[in-house]
Amino acid sequence: MPVDPYVVPAVDGVAYGLLVFVAASGLVLCFGVAGLLNLAHGTLFAIGGYTAAALLDGSWASLVLALTAGVAAATAAGALVAVLLTRVAAAGHLTQALVTFGVALAGGSLLVAAFGPDDPPVRVPAALDGSVLVAGHRYAAYRLVFILVAAVLAGLLHLVVRRTRAGMLVRAAVDDAEMVATLGVSPAVVRVGVLAAAGALAGAAGVLGAPIIGPGPGTADAVLLLSLVVVVLGGLGSTTGTLLAALAVGQIQTLGVALAPSAAPFLLFAAMAVVLAVRARGLATARRAT
């Protein structure tokens with residue numbers, strides 16, 4: 001089998017996987033780190049995507065404006081979700097899922113009403129609207145730049161979660177909220193901060209990833225589904241595992257289509273089923289050992 005024709009899909013899978021990682025990292029912060037289930041996360045991504053479609057005109061200034069506006073709007077929406085979740089934070093994940101699912105439905109309807117039912121076009125800066133040679137093949141310049149930007153975001157996120165006081169407070173608020181309160185930090189404020197930060201990440205991913213996963217009526221659902229798959233595959237609270245899982249999902253979604261187009265729709269869920277089965281077996285073994 002010749003390898004050369006699959007170079008571009010493989011690189012495309014890296015770009016797609018990093019986009020999924022940036023989008024899913026907010027969900028990892030909410031669910032895996034802070035213990036909050038936010039099913040409106042895909043809607044926050046869609047806010048960024050629609051903002052990019054509305055503001056991008058092919059200039060660098062419009063990209064900065066779209067990124068600023070998209071992140072601000074998604075951050076505000078994330079904080080609003082946090083306020084709604086504050087009263088049900090202790091009610092369990094089922095209640096959180098119902099509340100945020102309602103927010104997702106309402107938010108999706110508002111976006112469609114504001115921007116229309118069709119997928120809007122997205123213009124990238126003119127300097128990146130070309131292609132470069134990758135292993136003898138032409139490849140979109142914007143996607144290569146996105147790979148670099150997303151890799152930097154992934155590194156910064158890992159440092160913030162694992163090496164900063166803010167990351168420690170978030171993890172501590174889940175394990176022992178009363179102890180965090182004795183330090184003079186309100187657990188409710190921590191939850192609002194986490195969901196706002198998750199919204200900022202989703203908004204940034206929506207703006208930067210709009211040329212890759214364009215905004216549309218089905219974008220929020222697709223991104224939420226991919227994010228949940230990545231969280232399951234990568235493990236709760238593990239940014240490194242999430243990154244590896246997102247890169248694997250990217251390859252399945254791009255290279256898998258090139259290698260096995262008929263099986264591609266099932267590969268993603270087959271991988272998730274295998275991981276869940278292995279983890280369940282390991283958990284059962286550990287319980288028997290104790």
Side-chain angles (χ1 to χ4, degrees), residues 16 19-20 22-27 29-31 36-59 61-88 93-125 142 146 191-192 194-231 253:
Y16 193 92
L19 172 57
V20 172
V22 178
S25 57
L27 193 62
L29 278 178
C30 293
F31 189 41
L36 298 170
L37 182 56
N38 180 17
L39 295 185
H41 189 71
T43 304
L44 304 181
F45 178 95
I47 289 174
Y50 276 112
T51 302
L55 297 179
L56 288 178
D57 61 6
S59 66
S62 68
L63 177 60
V64 174
L65 177 61
L67 190 57
T68 303
V71 169
T75 301
L80 176 61
V81 173
V83 172
L84 294 175
L85 285 179
T86 298
R87 297 183 179 276
V88 298
H93 290 145
L94 178 58
T95 302
Q96 295 172 15
L98 290 174
V99 171
T100 54
F101 183 66
V103 173
L105 291 177
S109 298
L110 289 174
L111 289 173
V112 171
F115 295 97
D118 300 323
D119 297 356
V122 179
R123 296 182 61 188
V124 301
Y142 181 85
F146 176 82
R191 286 195 293 270
V192 172
V194 168
L195 282 161
L201 284 169
V207 172
L208 297 175
I212 301 174
I213 301 179
T219 299
D221 293 339
V223 170
L224 176 62
L225 177 61
L226 288 173
S227 298
L228 290 172
V229 169
V230 166
V231 169
Q253 293 291 88

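- Closest non-hydrogen pair, Thr43 versus Gly108, comes out as CG2-N, 4.1 Å.
- For His41 against Ser227, the heavy-atom pair with the smallest separation is CD2-OG, 4.3 Å.
- Counting heavy atoms from C-beta on, the side chains of Val207 and Val71 never come closer than 4.5 Å.
- When the side chain to side chain donor-acceptor pair (under 3.5 Å) test is applied to Thr75, no partner is found at least two apart in sequence or on another chain.
- Here the closest non-hydrogen pair linking Leu63 and Pro125 is CD2-CG, 3.8 Å.
- Residues forming a side chain to side chain donor-acceptor pair (under 3.5 Å) with Asp57 (at least two apart in sequence, or on another chain): Ser59, Ser62.
- Scanning all heavy atoms of the two residues, the minimum distance from Ala40 to Ala104 falls at CA-CB, 3.8 Å.
- Atom CD1 of Ile47 sits about 12.5 Å away from atom OG1 of Thr219, to the nearest 0.5 Å.
- Between Val124 and Leu56 the shortest side-chain heavy-atom distance does not fall below 4.5 Å.
- When side chains are defined from C-beta on, Leu80 does not count as touching Val103, because their heavy atoms never get closer than 4.5 Å.
- In this structure the side chain of Leu19 reaches within 4.5 angstrom of the side chain of Phe45, judged on heavy atoms.
- Annotation: the span from Leu37 atom CG to Leu27 atom CG amounts to 7.0 Å, rounded to 0.5 Å.
- With rounding to the nearest 0.5 angstrom, the CD1 atom of Ile213 is 12.0 Å from the CG atom of Asp119.
- Contact annotation: the side chain of Leu226 approaches that of Gln253 to within less than 4.5 Å [non-hydrogen atoms, C-beta and beyond].
- The CG atom of Leu208 lies 5.0 Å from the OH atom of Tyr142; values are rounded to the nearest 0.5 Å.
- In this structure, Tyr50 OH and Leu110 CG are separated by 11.5 Å, a value rounded to the nearest 0.5 Å.
- Not a single side chain to side chain donor-acceptor pair (under 3.5 Å) links Thr68 to another residue, sequence neighbours left out.
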